[in-house]
Structures are given as structure tokens and as C-alpha cells.
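The chain is numbered in sequence order, starting from 1. This is a predicted model, so every value here is computed, not measured.
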Amino acid sequence: MKTLIGWFLIILLLFGFSFLFMEAAAEIKDIQTLSEVFEEHVAIDTIELSSNSYMYDKEGQVISEIYNEGNREYIEYQDIPKKVIDAFIQTEDRRFFDHKGYDGTAIIRALVINAKSSSIEEGASTMTQQLARNVFLSHEQSYNRKLSELLYAHEIEKQYSKEEIIELYLNTIYFQNGVYGFEAASQFYFGRTSSELTLAEVAFLSAVPNNPTHYDPIKNSQNTNLRKDWIIEKMLEAEVITIEEADQAKKQQITVTPKKRIDLFPDYVTYIHYELKELIAEEDGFNRRLSSAESPRQIEAIERELNQKVEKVLQSGVHIDTALDPAMQKRANDVIANTLPQTDIQATAVMIDHLRNELVGITAGKAYQKFDFHRGYQMYRQPGSAIKPILVYAPYMEESAVPLQSSINANNFCSNGYCPKNYGGGQYGNVSLMTAFKHSYNTPAVRILDRVGIETAFTYLDTFGFKEVTKEDHFLPAALGGFTYGMSPLELTRSYTPFGRNGQYAPAYGIRSVKTDEGDILYSWEAVDAELWSPETNDKMRTLLREVVRSGTGRRASISSNYVGGKTGTTNDYHDMWFIGLNDQYTTGVWIGKDRRESLSAIYGSSPHLTIWREIMK
């Protein structure tokens, strides 16, 4: 009996052991190594650092340095001077080429010192650990962070070569005053590239990352110089420099001349940031996705993704070439400030080189600060009579091919309760199209729109893509600028460019191209010209526009040029004053008004909008 029970227990144990073995084997299959956990949760193999982006004017001069996560100029390993590498290795991590991410001897020494002081005084971080901290971790002083640092460093050493680690390290360390990376520090503090620095200057900068506040080259240069000499001694001990080089470096007086960030023409630069987003949205398909989005939540998600993409592009260190004409931009701002000394009256000017179809200047308002509300492209106002050339007269010429000598009734008009009058209430009988246009009579414009057909006329206006023009604007008052919201100065100025381009239209942009640091084009506008007005219609419109300046409402805009033409516009109660005009090369639009709509009757008689246009275009 005992034997039977014994065998039964043995068999039961065998079954139990077999079950446990199979379960354990299954669990072992599911166990991940530390490396596998890191690879799953941390993208160590794709460390991406931000770099400065730059914006240029039409001549290739920098007009704006775009810092993203601080001032950083990325430098590749082969371009890093040897003395820079030597300085950091001899002072930060002498066994860098021997260890695998951490230095055991240094860690033990640090533990002993910290145990004696009951605090964390000794770090023992290798350059790889410092890289891990700068990229993945915080600068918290704790043993948890130190342990994480070790794990990250170990994995970084498995993924990257020593040369790649040095490159990343020297591009991530902090040099105070918003400067990251050795190359940016060289250019910021000395105005030269790292390859142009002396040994003393290299040692001086190499002192800073150890304690950026204590060794601040601007505020605490004495401390920085003391550590500079210590670094030179360490390099001498390691025999990477000679005694003569060390002596000479110690004697050299270090002078820092901090570089001021280049940030010119805030009006234009702010607009280019907006246009860059437009360009990326178009080229990368975001506009198509937005147009097919079915809910506000979808639109919000796509917009968020678009903003992230723009930020990523800027962080990659791109070069944005623009069409900015600095002289014209400055002149426009100066003329506006001098012509309108009143603090509550604002003005904008938009300047387009219609021969190249490029935006060469755009102002945002007096005393403008970068990224504030931009009146040049964010403000929408009723256009007044400035709408007549593109909504009324040009469509009429295109649809009916009427001669300029044709007559039109300039007496009062009424239709379905809508009874507009001419300025001042005058009635002029039958007048020529030229007379009606150059004196900006209202009732002829309404009659013409009624004759062409509202929907037909708006098909021409649709070409310009006015963002705030809606179906609710498709009524006769639109002939006189009666829109719910209106259009921006940029939009309205763009719409006049066909008159300088033989009837051809494509939106004028400021960005010529967006390039990588290597010169490869990432983005550029691919605008295709479309014929809006026939050459015959365009010639007639140029004649009408010219007569406005010669003998009509725009006489004060006259300048010496082979051709000058344009159209004035004034809204009800003198809230807005416009003049959009062109010469042989430029189409320029000027708007004057107050941010809170109020009458400008006190200055209307002096025609400041015409004065501003004339002075810009001289």
C-alpha cells in the first residue's frame, strides 16, 4: 500500500514538474532583454537635434535667424577641430574610447565621496552619460536619474560609434545665454567658426558646460579664464599640446563679443512664417485633407499635425529664400510713419513685383512688433470702389467686348429696394465708361454689374481665392464694395497684378524656396499662370486705370513713369481709404484706417493714401 502511494506521489510530482517546466519555458519566451525594452520604448537610434533656420532677402542676406530650442549650429564630426575634441576628452572623460558608456572606477570613487558627504557632490558622468542626460533625461540630482543615465548610455554605445557620440555630444551641450553646441558657442561669443579659434579660445569655451552659470563667458569671465588654464594643463599632461602651445594659450587675453541675433523686418518675416505654413499645407497634402474633413475634431487634428510639421521643418535647419526688397520695405514703413503721425490711425502697404510675380514687401501697421496682429494679411476690410476694376469693369469688357467710348447711365438707380447714389448725390446722365470709372461714379458700376450678371461677375472674382468672400456677398451692393467681411490688403493687391501681366494671374508669394543645409530644395511654390483677362480686356483696363491717375480720383498718386494706373476706394463714413495701383514693374496697394472703425473724414481731403503710394513708388 505504501509502495502504491509512493508511486502515485512520484507520478503526480512528475506531472506537476512537467507542467511547471512548460509554463516556465513559455514565460521565458516572453521575457525581453533590456535592449529589447529600450528598442521598443525609446528611439535611441534616431536622435534628432534642432538647428537654426535662416531667412534671406532677395540678395541672399540674412534677415532672420530662427532659433527653435535655443541657438544651435550643428557641426559634423569631420568638421570638428581636433583641439576641441581633445579639450573635452581630457577634462570630461579620459577613458572615453575605452569604456562602454560608463566608467566603473569613476563611479566607485563618486559613491565613496558622496557617501562621506551624505549628498551628491561627485557625478562621474561620462560624455555618453551626459549626452543621454541632455537628450533623454533631466538634470535632476538623484540616484534614480543617475541609474537611468547609465542604462541610456549603455544603449547609446551599442547604437552609435564613438565618433558619432562625440558629434552628438558637442552639438547638445549647453554654453549659457541660450546657446547649444560648440559651433553655435564659437559663433555667438567670438563671431567666428570653431575652425578659426585659437587654442586659448577653445579652452575658454570648453570651460563653460561644466557649470554654465558659474562659467558664464559674459558675466563670470574670470571664472571661465581660471578653468581655461586648468583645461590647458590637462591637455598638456595628456601630451596633446606642447609646452610652447600651453604657455602661449595661457598668455592670450580672451575677449568675447556676443553676437546679436539677426531679426530684421518683423512685418515681412512674420508674414513669411505664415506663408511657410501655407506652402507646407499645400505641398504635403494638408489642404486636401482639410477640405475633405468631416468634423471640427478632424479639422483640429489635421491643423495640429500641420503645425507639428512646420515646427519640425524649422527645427531641421532650413534656409528660406525670399523675394524681400529691404530698401522698398524700409521706405514703406518710413513713409507710413511720417505721413500718419496720429497714433490711432493705421496703414499698410503691399508691394508686388508683377514682372517676377513676387511679394517684395508687406507692412503690418505702425510700430509693429513681430508676430502681433498683421494688418497686411490678417485684416479684412470692405474694399469700397477699389473692387470695381475686378468685379465690374473687367468682367464687363470680357463678356461684352464693349469699347471704352460706350456710354452708361450715371443717374440714380433702384432695384428691389436697393437705391445707391453717387458720391455727393450727383446725377450725370449718360457718360462714357472712362468718365464713370475715373470719377468713380457709383450708379454706373451697379448698372454694369446688373447687366453682366452677379453670378457671372463673381466667377471672375473667384479666381483670386478671397478667403472671406461668401455666397452671401453675391448681391448688387458688392459693386460698390459692400461685402460682409471684405478682403485683406494682400489679397486685394494680388488681384490687380494681372493688369501688369497681360491678363495672366497666379498668386504672388514671398517664398522663393525652402532648402536644406546642403542646398536641396524641400519646398517651393509651383504657381501656374492662368489667363484671367484677354489681352484686349487688359489693355482697356490699363487705359481706364491710367486715366484715374491722370485726371480722376487718383491724381495725387501721379509719379514719373512710362505707365501709372490705379483705383481709389473709400468705404461708408470714411472708415477705410484704399489705393491699389501699378507702374511698369510694381503693383502696390495701400490701406488706411483705424483698428476700431471710425471716420477718417478729418484727413480725407489730404489724400494720405495717395501720398503714401506715391512716395513708396517714386
Colleague: Of all heavy-atom pairs between F265 and P326, which one has the smallest distance, and what is that distance?
Modeller: CZ-CB, 3.6 Å
Colleague: If you measure from CD on Q90 to CD1 on I232, what distance do you get to the nearest 0.5 Å?
Modeller: 13.5 Å
Colleague: Nearest 0.5 Å, please: how far is CD1 in I511 from NE2 in H273?
Modeller: 9.5 Å
Colleague: Is it the case that the side chain of N338 and the backbone of D334 share a donor-acceptor pair, with hydrogens and angles ignored and the cut-off at 3.5 Å?
Modeller: yes
Colleague: Measuring from atom CG of N171 to atom CD1 of I80, what distance do you get when rounded to the nearest 0.5 angstrom?
Modeller: 6.5 Å
Colleague: Check whether any side-chain N or O of S186 sits under 3.5 Å from a backbone N or O of R192 as a donor-acceptor pair, and report yes or no.
Modeller: yes
Colleague: Taking T493 for its side chain and T588 for its backbone only, find out whether a donor-acceptor pair lies under 3.5 Å.
Modeller: no
Colleague: Ignoring hydrogens and angles, tell me if any N or O in the side chain of S524 forms a donor-acceptor pair with the backbone of S513 under 3.5 Å.
Modeller: no
Colleague: Looking only at side-chain N and O atoms, does Y169 offer a donor or acceptor that is under 3.5 Å from a partner on Q130?
Modeller: yes
Colleague: Quick one: do the H319 and Y56 side chains pair a donor with an acceptor below 3.5 Å?
Modeller: yes
Colleague: So, D284 versus Y523: side-chain donor-acceptor pair below 3.5 Å or not?
Modeller: yes
Colleague: Test your reading of the model: is there a side-chain donor-acceptor pair from Y268 to the backbone of L359, 3.5 Å cut-off?
Modeller: yes
Colleague: Show the nearest heavy-atom pair for residues A293 and I299, with the distance to one decimal.
Modeller: CB-CG1, 3.6 Å
Colleague: Do the charged groups of E65 and K260 touch, with an N to O distance under 4.0 Å?
Modeller: no
Colleague: Decide whether H354 and T587 meet the rule of one side-chain donor and one side-chain acceptor closer than 3.5 Å.
Modeller: yes
Colleague: Is a side-chain N or O of S291 found less than 3.5 angstrom from the main chain of R288, in a donor-acceptor match?
Modeller: yes
Colleague: Roughly how far apart are S488 OG and I362 CD1, rounded to 0.5 Å?
Modeller: 7.5 Å
Colleague: What's the shortest heavy-atom distance between T348 and P489, and which atoms?
Modeller: OG1-CG, 3.5 Å
Colleague: Please determine whether a side-chain nitrogen of the Lys or Arg among E491 and K467 lies less than 4.0 Å from a carboxylate oxygen of the Asp or Glu.
Modeller: no
Colleague: Ion pair present between D229 and K250, side-chain N to carboxylate O less than 4.0 angstrom?
Modeller: no
Colleague: With K58, which of D353, D325, D321 fulfils salt bridge (Lys or Arg N to Asp or Glu O under 4.0 Å)?
Modeller: D325
Colleague: With a 6.0 Å cut-off (strictly less than), is the heavy-atom count around NZ of K330, excluding the residue itself, greater than 12?
Modeller: no
Colleague: Does CD in E518 sit with more than 12 non-hydrogen atoms of other residues, nucleotides or ligands closer than 6.0 Å?
Modeller: yes
Colleague: Passes side chain to side chain contact (heavy atoms under 4.5 Å, CB included), E245 versus M235? Steps please.
Modeller: CA-CA 10 Å; E245 288 173 325; M235 294 177 73; over 6 Å; no
Colleague: Rounded to the nearest 0.5 Å, how far apart are CD1 of I85 and CG of L170?
Modeller: 6.5 Å
Colleague: Going by distance alone, is a donor N or O of one side chain under 3.5 Å from an acceptor N or O of the other, for E76 and Q78?
Modeller: yes
Colleague: Take the angle between the ring planes of Y377 and Y274 and call it parallel below 30°, perpendicular above 60°, tilted in between.
Modeller: parallel
Colleague: When you measure from the centre of the six-membered ring of F96, is the NZ or CZ of K162 under 6.0 Å away and within 45° of the axis?
Modeller: yes
Colleague: Give the C-alpha distance, both sets of side-chain angles, the deciding distance and a yes or no for side chain to side chain contact (heavy atoms under 4.5 Å, CB included) between T172 and R72.
Modeller: CA-CA 8 Å; T172 57; R72 192 198 313 273; 4.3 Å; yes
Colleague: Please find out if less than 6.0 Å separates the ring center of Y380 from that of Y485.
Modeller: no
Colleague: Without hydrogens or angle criteria, can the side chains of N333 and Y368 be said to hold a donor-acceptor pair below 3.5 Å?
Modeller: no
Colleague: How far apart are the C-alpha atoms of I616 and Y586, what are their side-chain angles, what is the distance that settles it, and do they pass the side chain to side chain contact (heavy atoms under 4.5 Å, CB included) test?
Modeller: CA-CA 11 Å; I616 291 173; Y586 297 104; over 6 Å; no
Colleague: When you compare the side chains of E282 and W525, does any donor N or O come within less than 3.5 Å of an acceptor on the partner?
Modeller: no
Colleague: Is the number of heavy atoms from other residues, nucleotides or ligands under 6.0 Å of K594 NZ greater than 12?
Modeller: yes
Colleague: Would you call R227 and E92 a salt bridge, taking side-chain N to carboxylate O under 4.0 Å as the test?
Modeller: yes
Colleague: With distance as the sole test, does Q378 use its side chain to make a donor-acceptor pair with the main-chain N or O of H374 at under 3.5 Å?
Modeller: yes
Colleague: Got a donor-acceptor contact below 3.5 angstrom from the T126 side chain to the Q129 backbone?
Modeller: yes
Colleague: Apply salt bridge (charged side-chain N to carboxylate O under 4.0 Å, His left out) to residues E201 and K83 and explain how you reach the verdict.
Modeller: CA-CA 11 Å; E201 290 167 337; K83 54 181 175 281; over 6 Å; no
Colleague: Got a donor-acceptor contact below 3.5 angstrom from the D584 side chain to the S561 backbone?
Modeller: no
Colleague: Which is it for I390 and L492 under the side chain to side chain contact (heavy atoms under 4.5 Å, CB included) test, yes or no, and what are the steps along the way?
Modeller: CA-CA 10 Å; I390 58 175; L492 196 55; 4.2 Å; yes
Colleague: Cut-off 3.5 Å, side chains only: do T198 and Q252 have a donor facing an acceptor?
Modeller: yes
Colleague: Hey, what's the ring geometry for F464 with F466, parallel, tilted or perpendicular (30° and 60° as the breaks)?
Modeller: tilted
Colleague: Identify, with sequence neighbours excluded, every residue that meets salt bridge (charged side-chain N to carboxylate O under 4.0 Å, His left out) alongside R331.
Modeller: none
Colleague: With rounding to the nearest 0.5 angstrom, report the OG1 to CG distance, T322 to L276.
Modeller: 12.0 Å
